[in-house]
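Each remark here refers to the structure printed beneath this line.
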Amino acid sequence: MNAPMIKRPFDVEAIRADFTILSRQVHDRPLVYLDNAASAQKPEAVIEAMAAQMRGAYANVHRGLHTLANETTEAFENARAAVARFIGAATPEQIVFTKGGTQAINIVANGIDIHPGDEIVLSVMEHHSNIVPWHFLRERKGAVLKWLDIDDDGGIDLAALDALIGPKTKMVAVTHMSNVLGAKTPAAEIVRIAHAKGVPVLLDGCQSTVHGRVDVGALDVDFFAFTGHKLYGPTGIGVLYGKAERLKALRPFEGGGEMIDIVERERVLYNEPPHRFEAGTPPIIEAVGLHAAIDWLNRQDRAALEAHEAALRDRAMSALGEINWIKLHGRAAGKGAIVAFSMDGAHPHDVAQILDRQGVAIRAGHHCAQPLMQRLGVTATARASFACYNRAEEVDVLIEALHKARKLLG
Ligand SMILES: Cc1ncc(COP(=O)(O)O)c(C=O)c1O
């Protein structure tokens, strides 16, 4: 599945042509899909690669001595190598396939040694996926959660982070990009501050991986988690990257086939990473789909994609910023193409439903970030999030649809 990596010049219409779903109608209107931070649409290359694997070379991996098993294993391991290259990991063995970003974080939280009083540092803008696994440690092992505050735009005070990390800190677990505010965290500085005190860092890259290039080696981060379905890949697959020595030191979270070396009546020896963390039949077809998504992205001019997304963000921010009944949440410079907002006197759910009648898909709710909602003093927000296939005119459709919603709700 090594497609030739010929870059194509950025052309939003050519990109859209790869995504069949974008030409459908919703309530007799052209679909304007602005819910990409929840999940992105899939190019034909991904759908085809998955179907082709099932049609042409399908069996279980790692177990067989027959041709189909070998071909499928090769496709699965090629996907691992492609992911490693994509995020700058030194070797494919540092890439664990999981069922999503959530499971990747759970593997780390469940795999480290925790004693009562040990501390985990989290920011208040984490997704629940990077909160609840650590709450389990608080409930079950007596860990203490230390919360790093943010400013109104999602900015982090590095001196405050430094002060939170003490001799009992076992992990700093923070997002690389907020799924609500779009704010990017200063990951390299966070890693430097934590490492100066001998503390490992887990970055939640579920949002950042699609909006910019990630290099885990340059970041020097210990663990990096992300998910396939926000990266134009399928659901059911995520990735945990770990430094080799960190993965080796993690206890396996799930037991079953493939993750063992020897099983006897009285003892069990575990397989080496990454297989130690992939109990049972892994997401084989989904890995092939993720590989195809990465190949698809690698064929694009990523700098141009990023510039396009930044232009969409700026157009949306400035248009929304001019409306006096809209409040924007998160105005950090250089943030990702995620725009959260509230409409005066209207519940975000009502706004989203009215927009849907006009073909515009946005998300409304707490975005699995309730501590952040508390910090912002709201219970929910609306959120428009952009992908490389969104047109500039779709921002204008969003604004027009919001004016209609205001008339109905105001
Ligand atoms: C910042 C962040 N972390 C983690 C997740 C969880 O990813 P998944 O649902 O794929 O496990 C999400 C998904 O919304 C997210 O936005």
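Read the numbers this way: they start at 1 and go in the same order the structure lists the ligands and their atoms. These numbers come from a predicted model, not from an experiment.
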Measure from the ring center of [X] to the ring center of [Y] and say whether it is less than 6.0 Å.
X	Y	result
F10	H308	yes
F76	H62	yes
F97	F277	no
H291	W296	no

Exercise for the section: Quick one: pull up CZ in F226 and CD in Q207 and give me the separation to the nearest 0.5 Å. Expected result: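 One gets 13.0 Å once the value is rounded to the nearest 0.5 Å.
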What does the contact table look like for ligand 1 (nitrogen or oxygen on each side, cut-off under 3.5 Å)?
| unit_1 | atom_1 | unit_2 | atom_2 | d |
| --- | --- | --- | --- | --- |
| ligand 1 | 3 (N) | D204 | OD1 | 3.3 |
| ligand 1 | 3 (N) | D204 | OD2 | 2.6 |
| ligand 1 | 10 (O) | T227 | OG1 | 2.6 |
| ligand 1 | 10 (O) | H229 | NE2 | 2.8 |
| ligand 1 | 11 (O) | G101 | N | 3.2 |
| ligand 1 | 11 (O) | T102 | N | 2.8 |
| ligand 1 | 11 (O) | T102 | OG1 | 2.5 |
| ligand 1 | 14 (O) | H127 | NE2 | 3.2 |
| ligand 1 | 14 (O) | K230 | NZ | 2.5 |
| ligand 1 | 16 (O) | Q207 | NE2 | 2.8 |

Practice task
Could you tell me whether R16 sits above the aromatic face of F19, with NZ or CZ closer than 6.0 angstrom to the six-membered ring centre and within 45 degrees of the axis?
Solution key: no
